[in-house]
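Worksheet: the structure to be examined is printed underneath.
Quick note: numbers below take in every heavy atom, side chains included, and nothing from hydrogens, waters or symmetry partners. The sequence lines fix the lettering, A, B, ..., with proteins before strands; numbering per chain opens at 1.
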Amino acid sequence: MNARLEKFDGAFLLLLAVAAAFVPFVLSGYEIKLATTITIQAGLAVALGFVVGPAGLTSVGHAAFYGVAAYILAMMSPKSGPADMLLTAAIAIFGAAAFALVVGAVSIRSRGMYFILMTIAFGQLGYHLFNDTGIGGKSDGSYVQFRPELHLFWTDVSFDKAPRFYMLVYVVVFLVVGACWWLRRSAFGSVLLAARDNEARTRAFGFSPYVVRLIAFVISGGMAGAMGYLTAAQHGFVAPQMLAWHASAFALVMVLIGGKDTTSGPAIGAILLLLAEEILQRWTEHWLVGVGLIIVVAVIAAPRGLVPFVAGLFAPKQAHHG
Amino acid sequence: MVEPVLRASGIGKRFGGLLAVDNVNLDLHPREIHAVIGPNGAGKSTFLSTIAGDLPPTTGQVFFQGQEVTHLPVDKRTRLGIGRTYQRSAVIAGFTALDMVRLAMLHRVSSAFGMLSPLASNDAATRGAYEALARVGLSERAGITTDFMSHGEKRRLEIAAVLALDPKILLLDEPLAGLGPDESSAVVALIQSLKSHCAIMLIEHDIDAVFSVADRITVLDNGKAIASGTPDAVRNTPAVQQAYLGFGED
């Protein structure tokens, strides 16, 4: 990433973090819930962007990691009271990361189209596991009767109120996005970029592209799991569709519209698409056509994504060096 | 005689019906430049790739410092001390020269934990990278993105990166290809000076350069080693003269 794009990326992230911090103070009721959903999806898109961008892995199976973690919370939630948040979240995230490890270990050996197919296949496997077998209530899905509680040493923190749940989501997504931003700039991120550009040279520098990509994939899968957990906690309901490849593809569209080579891009892609969806839905029942048109226009106007597009508007006119 | 640092024995490589390398033996001794020459398509690069690990040999074994490495992946061989350059200059797009060489330093100077900090904040990698760039005369181009470098600069950058690996043996695949006369003689001098640090296996088309720097030469033709020995001995081998007369030098 060039220096200018890096600056814009950082500025956008800061802007988003500040704007999102105001949500519980300026919005209310339904709007907070919508902001919660959008923030979670932005976190998912950023986590996915980390593997699509630097790692060069176009995953169309990330919804499976997201969904598996959601189901883990549903299955661990007692019928009589709230689950322990730290425990269930740890197991859900670990479960998603473990699933990502299996999927990645098998799929990352394949490249390009074949990698995409592998991730779709694994995602659908997860979907059918919950849709067709007795685990997790088949196609009807399953309920999380009580939103999990955070047990601290001296007190139990409940997140039943929407503003407080939003704040929890804000903190978790802030950490996930911050980690992705940091990792992209780290030496680890540089190795991923090098492997994406020149696999042979990277290997001859002493790094196994397979191993570094797999590590990135597992981290990203665990992050996607954290987002799935939050979604299950928010809605109190999980369904097999959460794992389906449509959900993975929609997250990928967010990444590409915003810009896979930035951290802020996928978040901005998520916000724009979900807001557009929300607004169009009120206006017409054919809102999906509208969303499709927005995607087409965005991809034609800004093929590398909106954030690189905006950064490019501020580029000096002459050919730049470095 | 001292133990060879590298020993390739009975290396063969078959691509379908084509036997690209046929039962080639080669020893590389410490502080030695061993050149491999031969007409186009003789199997030189393929042979080098089996030693570097990019291609698994169909037959034969590769020993590095007495340890068998025949089936070890490239990244593990690099960590043992086998460095290589590629025939087509293999720089990393989007990286500055400095960052690319820092990357090459990483596996030596960075812990797993150090991988979490940016390349630029790794002082050991930065220091080593500047030293390596200075050795190939690219100090002033450190901040330039590789995409904007000339062909000659890219070649020298790749050599700097491989030096940063601090290899025990260096496999150079046509390091002079496409260089102008000035750059070429600078690289030849550099290769000569590296001899004291590591053993070098050199594949090169520039016959004058080869005969001036090599301690030993192996000649490949149609995948077979048709001669091997000191430059003088090889020069006077009839089979070599015939192979070169038959196919030309380039």
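- Looking only at distances, a side-chain donor or acceptor of A/W182 sits under 3.5 Å from a matching main-chain atom of B/L116.
- The CG atom of B/N122 sits 11.0 Å away from atom OG of A/S190, with the distance rounded to the nearest 0.5 Å.
- Nearest heavy atom pair, residue B/Y86 against residue A/A204, reads OH-CB, 3.9 Å.
- Considering only heavy atoms from C-beta on, A/L183 stays 4.5 Å or farther from B/M115 through its side chain.
- Other residues, nucleotides and ligands place no more than 12 heavy atoms under 6.0 Å from the OH atom of B/Y130.
- Heavy-atom proximity under 4.5 angstrom to chain A picks out B/T78, B/R79, B/R84, B/T85 from residues 77-85 of chain B.
- In terms of heavy-atom proximity, B/G114 sits nearest to A/A187 at O-CB, 4.4 Å.
- Applying the side-chain hydrogen bond (donor to acceptor under 3.5 Å, both in side chains) test to B/T46 and every residue at least two apart in sequence or in another chain returns nothing.
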Can I get a per-line list of side-chain donor-acceptor pairs under 3.5 Å for residues 99-107 of chain B, giving both atom names and the distance, sequence neighbours left out?
{"residue": "B/D99", "atom": "OD1", "partner": "B/R102", "partner atom": "NH1", "Å": "2.7"}
{"residue": "B/R102", "atom": "NE", "partner": "B/T126", "partner atom": "OG1", "Å": "3.0"}
{"residue": "B/R102", "atom": "NH2", "partner": "B/T126", "partner atom": "OG1", "Å": "3.4"}
{"residue": "B/H107", "atom": "ND1", "partner": "A/F205", "partner atom": "O", "Å": "3.2"}

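- Within a 6.0 Å radius of CZ in B/F15, more than 12 heavy atoms belonging to other residues, nucleotides or ligands are found.
- Within a 6.0 Å radius of NZ in B/K195, more than 12 heavy atoms belonging to other residues, nucleotides or ligands are found.
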Below 3.5 Å, can you tabulate the donor-acceptor pairs from side chains in residues 218-230 of chain A to any protein atom, sequence neighbours excluded?
{"residue": "A/S220", "atom": "OG", "partner": "A/A47", "partner atom": "O", "Å": "2.7"}
{"residue": "A/S220", "atom": "OG", "partner": "A/H62", "partner atom": "NE2", "Å": "2.6"}
{"residue": "A/Y229", "atom": "OH", "partner": "A/M85", "partner atom": "O", "Å": "3.4"}
{"residue": "A/Y229", "atom": "OH", "partner": "A/T88", "partner atom": "OG1", "Å": "2.7"}

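- With a 6.0 Å radius and a threshold of 12 heavy atoms from other residues, nucleotides or ligands, A/F174 has its CZ atom at or below the threshold.
- Side chain of A/D197 to backbone of B/A93: a donor-acceptor contact under 3.5 angstrom is found.
- For chain A, the nearby parts of B/L119 are the backbone and the side chain; heavy atoms of each come within less than 4.5 Å.
- No more than 12 heavy atoms of other residues, nucleotides or ligands shown are found within 6.0 angstrom of CZ on B/R31.
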